[in-house]
Structure formats: structure tokens, C-alpha cells
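Naming: A, B, ... by sequence-line order, numbering from 1 per chain. Note that the structure is predicted; figures quoted are calculated from it, not measured. Heavy-atom basis, side chains included; hydrogens, waters and symmetry copies ignored.
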Amino acid sequence: MIALIDCNSFYASCEQVFRPDLKGKPVVVLSNNDGCVIAANQEAKALADIPMFEPVFKIKKQLIENGVTFFSSNYTLYGEMSDRVMRILQEFSPVVEIYSIDESFIDLSGMKHQDLRAYGIAIRDRIKRYTGLPVGVGIAPTKVLAKLANRRAKKEAGNKDVFVIDSEEKRIDTLKWAKIKDVWGVGRKHAKRIQDTGNYSAFDFTKMPLSWVRKQMTVVGERTWRELQGENCLPLERLPKPKKAIGTAKSFGKKLKKLAVIEEACSYYINEVSEVLRSQNCCAKYLKIFLQTNYHSEHDKQYHNSITVTLEVPTDNTFILNAEGKKALHQIFKPGYRYKKVGVCLSGIIPKEYVQTSLFQQTDEKAGLMEAFDRINQKFGKTALAPALMDSRRIGEWELIKKERSPRYTTQWKELLEIS
DNA sequence: TCTGGGGTCCTAGGACCC
DNA sequence: TCTGGGGTCCTAGGACCC
């Protein structure tokens, strides 16, 4: 059996843990630049006129009128709260697959003799007690079924956030209860295609011919179909896989016209992604740079372009990547536009020890430089050392807007929660 | 005025290899 | 007259996830 543990309204719940005065009140968390709503607690979801992913400027009035408290996203806080939850789960199973910031699959196959519902309740209670966060627990023979069980745990009040599919009757019953669009792995497009054939529930889907599923939804859809029948196709991944692509692309706080300022943002992002690259001991062969205007705007002239640089020798060196990135950016930049976003993405990622050096390359006299660079930044702050291209005095011209960010309660001494 | 960010996997088709 | 067979690698595009 597999359990899926998933935090309820994770970001909103993290904020509420440190703001007990908000208990029972509507809370939403906003995306970068405070652009749109990305998380809402139960109370906020109950207000029908606050849909998710709605641009904030369109609903700001309703938020205020309904007394909704809103927060800018505080990923430092959420990431650290997530670590706490995942550590607790390791007490319940030797095999934990961290699937996302707020959910994990755990292997319960050694616990057949246990009362699984009682076990799920114990997980739920311990996480609540140790972190203050509410979670749902779904337990079933496959991952896709565990996802559905988890959904049912939360949707049906009587389940008290724990639901177990441990019999054929419960499996069928849950399949009939679930709409096809709520099945993990079936997105908007496929849900529509399936509904167009007159099938609406997860149960209906399992009765459709496999040939149709395979043809329309590829092998991915076939796995979903089989998993719903109780056949295991998606094994638990105990170790996180190294990333195949590492990218970042954030909208600017305001529109930018000047190349020099965009260059800085770009350099800042390259600094970030190359650090992540080094943290997994890899080098990258390709560096993609892209640039775009605001595609929502009807007044602005539109332009977007990208360029991929193939590096002669795969590298993890911030300075080399920066120099290449700058050249690439110059190639795609066109003056006269109001730019909204610049992005960088590293791919062709291979372990550092596999890197084949160029025939003519000299031995690297600066080996160890990046290691020292990272260590200094770990000790003295993220950008204590940075390429000169990144002029932190000008960061205000492009950095994100986060007007309502809560304190980083768990990672900064100066921002500890105070109780008076 | 103001609209998120970071990923994965699969397939088809082209280029290329022996 | 008649022109093979078995592969790999790469990329773009689509669909999905949180």
C-alpha cells in the first residue's frame, strides 16, 4: 500500500501557523510580483468570488471587502516548513518520495498487518502537533488511487482527512465518486476529449478501450488507466533525480526598456541557476536566454525571442555562463520595447566528472574558485560575492514586488516570532 | 497601471551513422 | 527494370504536474 500525504492549502496554512489571530479567517497567498492568487485557505475558497489564479488587481476590492488577509509568497518560509513535514514522514516509513513542496508518497507495504486508517490518523496528528500544519492522508494500492483517496479524505467531511482504499468495493465506489478531470494525470485537454465520448467519471474511464486511451493519451494515459484498475505502474522514487533543466524567469517589478538593466537581472538569474547546478555537482552544455514583453498588454508592441548557446565545454562556472549569457542577450535584445521578463535555462546537464574537456583547453588554473565562491556566499549571504555585472545598487529597478511578505520566522534570527 | 514560476515526460520527424 | 535495414541523437511541440 502507498500513502499520499498532502498539506491542506499549504502556503496559506504556513502563514496561519505564525498568525494564530487569523484562525478561521480567509487567507490568500499571492504569486511573485503580487500578480495573482496562488493559494487560498478553506475560508477564502468559500468566498465564491475569489477564484484561484485570478489577477489580484481585478479582485482587490473583493479581498478587502471580505476581510481577506493576503500575503506575498515567502518561499523561504514554505521551503523550511516543508522540510519539517518531510522529516516527520520519515518516522513513519523507510521509503519516502518527496513529490512536491507540500506532498509525499510513502511506502506502507510492510504494514499490511496494521490498521491503516489508524496509521493515517497517527500521521495526520503528529504533523499537526509538531508543525501546526493540517494534512490529508490517502492510502491505496497505487499512486493514482492514493491521490484519489487523498482527495476523498479532504472532500468528505466524515473522513476527517484520512481515507483508505483497501477493498474492491471501496475502489469501485471511489472511481464512481471521482470525476475524470480530478484524476491525477488527466488534465484539461484530455478530460475534454474523454467527456466528448460520453464518459464522465473515473469509473467510466476505466471502462474505455485501452486502444483509445493509448492512441489519444500515449503511454502516460495508459499508465493512469492501469493504475486506476489497481495495477502498479508508477514505482516510488526514493532518491530525488538530478535535474535535467534548471531555469529561472521572473517578471520584473516594472517594465524595462534599457538593456543595461535587463543585463543585470539576467546576470542575477545566471548566478542563481549556476549555484543550483553546482549544488548537484553537474555542468551544463546549453544555456538558453529568453526575453519577452507583456503579452497581456494590448497597447504595447509585442516581441519575444530566445537563443540557445552551446558551450564548447560544459561548465558550472558562473563567470563563463555570465559572459556567454550577456553575448546572447545582446543578440536578441531589440530597443524600443517595454520588456516584462528575462529568463535563463541551463540544460544538457551532466555530472561534473563526465565532462569532456576540449582538445585545446589548458588545465584549469582556477579550479576550486567556484567552490570558494559558494562557501563564502553560504557564510556571508547569497550575494556577498557576485559578478560585477550585478550591481546591487540598481536591483530596485527590476526586482520583484513583494509588499505583503511575512517574516522569515524560521530562518532569520531578526525575524523570529515575538510573543508579548 | 496591474495577469506566476519551475519542472517532467512523450512523440514525431529530421539528420546522421554503419 | 530492380536501390536495405537497423539504429541513435536532437529538437520542437504538446500535455501534464505542483
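The distance between the ring centers of A:Tyr11 and A:Phe71 does not fall below 6.0 angstrom.
Residue contacts for A:Val183: at a heavy-atom cut-off of 4.0 Å it reaches the sugar-phosphate backbone alone, with no base atom in range. Across all strands, A:Glu103 comes closer than 4.0 Å only to sugar-phosphate atoms, never to a base (heavy-atom distances). Using a 4.0 Å heavy-atom criterion, one finds that A:Lys341 contacts the sugar-phosphate atoms exclusively. Contacts of A:Val56 with the nucleic acid, taken as non-hydrogen atoms under 4.0 Å apart, are absent.
The shortest distance between the side-chain N/O atoms of A:Lys340 and the OP1/OP2 oxygens of B:dG4 is not below 4.0 Å. At the phosphate of B:dC9, OP1 or OP2 sits under 4.0 Å from a side-chain N or O atom of A:Lys241. Note on A:Ser251: a side-chain N or O is less than 4.0 Å away from OP1 or OP2 of B:dG5. OP1 or OP2 of C:dC18 sits under 4.0 Å from a side-chain N or O of A:Lys147. Close to C:dA15, at under 4.0 Å from its OP1 or OP2, lies a side-chain N or O of A:Lys189. Within the 4.0 Å cut-off from OP1 or OP2 of B:dT1, not a single side-chain nitrogen or oxygen of A:Lys255 is found. A sub-4.0 Å separation between OP1 or OP2 of B:dG6 and a side-chain N or O of A:Thr248 is present. A:Asn294 has a side-chain polar atom (N or O) that falls below the 4.0 Å cut-off from OP1 or OP2 of B:dT3. Applying the 4.0 Å criterion to OP1 and OP2 of B:dT8, one finds that A:Lys243 has every side-chain N and O outside that range.
Checking B:dT3, B:dG4, B:dC10 against every side-chain atom of A:Arg223, the shortest atom distance belongs to B:dC10. Nearest nucleotide to the side chain of A:Thr218, out of B:dT3, B:dC10, C:dC16: B:dC10. Distance from the side chain of A:Tyr99 is smallest for C:dC17 among the nucleotides B:dC2, C:dC17, B:dG5. Nearest to the side chain of A:Phe57, among B:dT3, B:dC9, C:dA15, sits B:dT3. Closest to the side chain of A:Ile246, from the set C:dC16, B:dG7, B:dG4, is B:dG7.
Between A:Val219 and A:Gly247, the residue anchored nearer the 5' end of DNA chain B, judged by the nucleotide with its closest heavy atom, is A:Gly247. With DNA chain B read from its 5' end, the first of the two nearest nucleotides for A:Asn32 and A:Arg214 is the one closest to A:Asn32.
Counting heavy atoms from C-beta on, the side chains of A:Leu234 and A:Arg223 come closer than 4.5 Å. Looking only at side-chain heavy atoms (C-beta outward), A:Val37 and A:Leu30 come within less than 4.5 Å of each other.
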Using the rule given for side-chain hydrogen bond (donor to acceptor under 3.5 Å, both in side chains), can you reason through A:Thr293 versus A:Gln302, listing the C-alpha separation, both sets of side-chain angles and the distance that settles it, and then say yes or no? CA-CA 6 Å; A:Thr293 51; A:Gln302 297 293 315; 3.1 Å; yes
Check step by step if side-chain hydrogen bond (donor to acceptor under 3.5 Å, both in side chains) holds for A:Arg19 and A:Ser406. CA-CA 10 Å; A:Arg19 290 284 305 274; A:Ser406 52; over 6 Å; no
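Separating the CG atom of A:Asn150 from the P atom of C:dC18 is a distance of 10 Å, rounded to the nearest angstrom. For the pair A:Ile59 CD1 and B:dT3 C1', the interatomic distance rounds to 11 Å; values are reported in whole Å. Taking atom OH of A:Tyr286 as the reference point, atom C1' of C:dA12 lies 14 Å away to the nearest angstrom. At whole-Å resolution of the value, NZ in A:Lys244 and C1' in C:dC9 are 15 Å apart. In this structure, A:Ile101 places its CD1 atom 12 Å from C1' of B:dG5, rounding to the nearest Å. Remark: P of B:dG5 and NZ of A:Lys288 are 15 Å apart, rounded to the nearest angstrom. Atoms CZ (A:Phe290) and P (C:dA12) sit 14 Å apart, rounded to a whole Å. Remark: P of B:dG6 and CG of A:Asp102 are 17 Å apart, rounded to the nearest angstrom.
Nucleotide B:dC18: paired with C:dG5 (Watson-Crick or G-U wobble, both distances less than 3.5 Å).
B:dT3 and C:dC18 are spaced 26 Å apart, taking the P atom of each and rounding to whole Å.
Between A:Asp6 and A:Lys154 there is a salt bridge, since a side-chain N of the basic residue sits under 4.0 Å from a carboxylate O of the acidic one. A salt bridge does not link A:Lys402 to A:Asp34: none of the charged nitrogens lies less than 4.0 Å from a carboxylate oxygen.
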